[in-house]
There are 4 protein chains.
Amino acid sequence: MGKREQAKQRTRKVIIDAAKELFIWNGFLNTSTKEIADKAGIAHGTLFFHFPKKESLILEIFDREGMYITDQLHQVLHDTYGVEELLHRYLLFLEEEEDFFAIIAREFPYYPEKLKQRLLFREIGIRSYFLTALNIGKAEGRYRNLDVTAALTFLFGTINYLLSHREQLAGKQSIIALKKELIINTFLRIINYKED
Amino acid sequence: MGKREQAKQRTRKVIIDAAKELFIWNGFLNTSTKEIADKAGIAHGTLFFHFPKKESLILEIFDREGMYITDQLHQVLHDTYGVEELLHRYLLFLEEEEDFFAIIAREFPYYPEKLKQRLLFREIGIRSYFLTALNIGKAEGRYRNLDVTAALTFLFGTINYLLSHREQLAGKQSIIALKKELIINTFLRIINYKED
Amino acid sequence: MGKREQAKQRTRKVIIDAAKELFIWNGFLNTSTKEIADKAGIAHGTLFFHFPKKESLILEIFDREGMYITDQLHQVLHDTYGVEELLHRYLLFLEEEEDFFAIIAREFPYYPEKLKQRLLFREIGIRSYFLTALNIGKAEGRYRNLDVTAALTFLFGTINYLLSHREQLAGKQSIIALKKELIINTFLRIINYKED
Amino acid sequence: MGKREQAKQRTRKVIIDAAKELFIWNGFLNTSTKEIADKAGIAHGTLFFHFPKKESLILEIFDREGMYITDQLHQVLHDTYGVEELLHRYLLFLEEEEDFFAIIAREFPYYPEKLKQRLLFREIGIRSYFLTALNIGKAEGRYRNLDVTAALTFLFGTINYLLSHREQLAGKQSIIALKKELIINTFLRIINYKED
DNA sequence: TATGAATGAGCATTCATTCAT
DNA sequence: GATGAATGAATGCTCATTCAT
């Protein structure tokens with residue numbers, strides 16, 4: 001990579017960092033390209049040299065961030081086979097990055113198609129951990145004979161709903177912190193045989 | 001009602017109809033007052049004679065539609081005490097008005113506070129039917145000893161999630177039609193003792 | 001005057017009263033015809049039956065109000081020949097009606113030409129009291145050999161300036177109350193021989 | 001200054017010149033940003049690139065003009081200690097820029113607070129020349145034992161009044177040219193011992 | 001590579017006035 | 001005489017994108 005290329009990459013990173021930060025505060029939809037350029041300390045036009053459409057910037061951000069987050073989640077989840085433990089760790093992770101995930105949950109329907117696909121794809125990656133754990137547990141007779149995909153739709157759907165409505169439901173607090181127990185308990189009751 | 005009043009109501013209706021149609025296509029947030037006026041065939045300013053703020057137009061639409069829907073739902077749900085039947089009817093209704101509900105699910109977080117409150121209030125009304133049915137069933141020993149509120153959070157959260165992601169999950173089709181069975185079966189398993 | 005005509009006059013009065021009140025609060029320029037009609041309890045269109053232009057309404061108001069005020073001032077000033085007493089009474093009167101006069105002073109340059117003429121004409125009527133008193137005093141050797149018209153330009157110009165800048169100079173207080181002494185003393189020094 | 005910067009300054013100047021011209025004709029309040037852009041031969045949006053708010057454009061105009069004027073006035077007044085000479089020069093200057101000052105006098109009460117402050121501040125700067133000259137003259141026994149602040153309120157108040165009413169009092173002519181002698185003579189009589 | 005000035009369509013809202021009823 | 005619904009031009013401002021330098 002020549003010096004030229006290095007400088008280019010450096011600028012890209014500067015832009016992405018600035019965008020990410022603003023994005024967490026205000027969401028992608030309410031962050032203007034000018035704001036991003038200003039925060040990045042580059043010219044407004046420069047941004048469009050690196051990312052010809054606002055859309056391509058957001059795409060790249062999610063690919064980077066998504067990759068990082070997916071990596072982290074893989075580390076967090078990969079040696080965990082119990083569903084309860086998995087859920088615990090997943091929710092802890094969401095709680096830590098709640099600002100980020102709440103924005104995504106809310107803005108998702110307005111993202112460009114390509115980005116929606118990628119986000120959905122990534123969610124599938126995360127679901128697969130649960131899928132595996134559930135199937136194993138089912139095979140071992142620890143869980144009820146549920147349609148695991150359906151159960152996960154309920155789990156992820158509910159979490160998404162809570163995140164996107166967090167402002168109404170939890171104000172400035174963490175909606176995940178607030179509902180963690182409820183989510184875990186209810187999901188465990190869904191999959192478990194026994195009553196408490 | 002005099003002729004004058006009739007004409008006024010006609011115009012109001014023309015506006016509301018235009019707005020509703022555009023709104024179902026593009027959402028409230030992406031529909032401009034000018035677009036509505038053009039579609040309604042009236043002057044831009046006329047719209048503001050009938051609805052002084054964009055918000056008041058949307059509020060009226062929701063109140064009309066909401067009242068109609070709530071009325072219908074009450075009729076549909078009011079003499080139904082079995083949760084399964086209740087859910088069936090509710091989903092059938094959502095399916096019929098899916099365009100409308102999908103937009104709300106997607107845009108909700110961006111609505112003005114007043115509208116959010118009203119929508120939330122209406123949802124509580126609907127939930128109460130399920131709450132009653134669940135509590136009766138629980139008391140009669142037909143359902144598991146679940147935290148019913150938690151169970152309903154899962155149910156409504158999941159439905160909301162499906163609606164707001166319908167484009168991705170079902171394209172132009174009805175997401176409710178597609179997932180109805182899954183929703184019902186899973187929810188019944190959540191609340192029932194027995195396995196299938 | 002037939003019943004019809006009576007009703008017409010009654011409506012005119014209702015409109016004028018409403019307009020006057022709003023005008024003192026917000027000025028003529030910031031009062032909309034709709035506001036006036038609402039406050040008067042008549043239809044918006046009715047206002048234009050009685051006053052085909054907004055301008056004609058304001059013209060009428062000033063004629064009525066102006067006549068009343070001029071009458072009052074005449075009563076207050078007519079048997080007063082000392083300039084000091086005259087000024088005292090005039091300022092007292094301004095102070096009592098300061099809201100009204102401050103608005104006029106500020107808005108004057110934006111009034112329709114016809115109205116400006118009339119207001120100016122009225123001011124001349126008031127000035128004439130001072131003119132007479134000053135000339136008599138001069139003839140009797142009580143005042144300096146001043147150009148009385150020039151002196152009055154200073155007096156009325158200054159008062160007008162204070163009224164139109166009252167917000168900056170006196171906030172919510174009465175600028176006349178605040179500067180009365182200064183105005184009187186300075187004007188007396190202008191016209192008197194002796195130092196204090 | 002690079003070519004780029006030059007071009008920018010040129011555009012700024014084009015905007016300011018257009019604005020100033022329109023402003024002298026119609027006042028700031030009755031000149032729309034679109035009008036200014038059209039007259040300047042630039043896109044409407046471009047105006048907001050250079051001046052993010054209408055207020056900032058007007059502020060800049062006043063600062064430029066005000067600075068120029070203050071500079072000139074300082075040059076004109078700074079080595080002048082006689083009040084008569086001072087007044088002469090000041091009025092001559094007002095006469096030359098009368099279009100500008102007349103608009104300010106008229107619109108002042110409607111300006112944004114920030115602008116009012118600045119204008120008031122500038123006036124104080126000008127007044128101080130007179131204050132100094134008057135106090136010296138008083139100390140040297142050349143002028144009467146007047147309250148100088150009060151005298152200046154009369155002077156500036158009157159000038160302001162004449163400017164804001166110029167249309168009525170002088171039509172298209174210069175009100176200052178018309179009343180210069182009157183102002184000077186009267187003010188001198190106010191401060192002087194002797195009669196003419 | 002980078003710059004940043006320029007673009008112009010788009011937005012919600014206001015308001016004096018008109019006119020059919 | 002009175003009504004009030006309808007009009008539409010006008011307003012200040014935003015923002016993703018373009019392009020000459």
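Chain letters run A, B, ... following the sequence lines, proteins first, then strands; residues in each count from 1.
- Mapped onto DNA chain E by nearest heavy atom, C/K54 and D/R12 fall at different nucleotides, with D/R12 at the one closer to the 5' end.
- In this structure, C/R12 pairs ionically with C/E60, as a charged nitrogen and a carboxylate oxygen lie closer than 4.0 Å.
- The side chain of D/H50 lies closest to E/dA5 when the candidates are E/dA5, E/dG4, F/dC13.
- In this structure, CD1 of B/I42 is placed 21 Å from P of E/dT18, rounded to the nearest angstrom.
- Taking for each of C/K8 and C/G45 the nucleotide of DNA chain F with the nearest heavy atom, the 5'-most of the two is the partner of C/K8.
- The side chain of D/T46 contributes no N or O atom lying less than 4.0 Å from OP1 or OP2 of E/dA5.
- Note: CG (B/L47) to P (E/dC15) measures 17 Å, nearest angstrom.
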Which nucleotides of DNA chain E pair, in dot-bracket form (Watson-Crick or G-U under 3.5 Å, | meaning another strand): .||||||||||||||||||||
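- Counting only heavy atoms from C-beta on, B/F49 has its side chain closest to F/dA5 among F/dT7, F/dC13, F/dA5.
- Separating the CZ atom of B/F51 from the C1' atom of F/dA5 is a distance of 13 Å, rounded to the nearest angstrom.
- Judged purely by atom type and a 3.5 angstrom limit, D/T31 uses its side chain to pair as donor or acceptor with the backbone of D/G27.
- Residue whose closest nucleotide on DNA chain F sits further toward the 5' end, between D/K53 and B/A7: B/A7.
- Of the candidate nucleotides F/dT17, F/dC13, E/dT7, F/dC13 has the atom lying nearest to any side-chain atom of D/H44.
- Within the 3.5 Å criterion, the main-chain N or O of B/K116 finds no donor-acceptor partner in the side chain of A/Q168.
- Contacts between residues 16-40 of chain D and DNA chain E, counted as heavy-atom distances below 4.0 Å, involve no residue at all.
- B/K8 has no carboxylate O lying under 4.0 Å from a charged side-chain N of B/E5, or vice versa, which leaves the two without a salt bridge.
- Along DNA chain E, the nucleotide closest to C/P52 and the one closest to B/P52 are compared, and the more 5′ of them pairs with B/P52.
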Salt bridge (charged side-chain N to carboxylate O under 4.0 Å, His left out) between B/D99 and B/R166, worked out: CA-CA 10 Å; B/D99 289 334; B/R166 124 168 122 147; 2.8 Å; yes
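- Between the C/E35 side chain and the C/S32 main chain, a donor and an acceptor come within less than 3.5 Å of each other.
- Across C/Y111, C/F121, C/F28, C/Y68, a single residue satisfies ring pair (Phe, Tyr, Trp, His ring centres under 6.0 Å) together with C/F62, and that is C/Y111.
- Look at CD on A/Q9: it is 15 Å from C1' on E/dA2, rounded to the nearest Å.
- Across F/dG4, F/dA16, E/dA2, the shortest atom-to-atom separation from the side chain of A/F48 is found for F/dA16.
- In summary, the side chains of B/T33 and B/H44 do present a donor paired with an acceptor at a separation below 3.5 Å, with no hydrogens or angles considered.
- Under the 3.5 Å distance criterion, the side-chain polar atoms of B/E167 are left unmatched by any main-chain donor or acceptor of A/P109.
- When the nucleotides E/dA2, E/dA6, F/dA6 are ranked by their closest atom to the side chain of D/T11, E/dA6 comes out on top.
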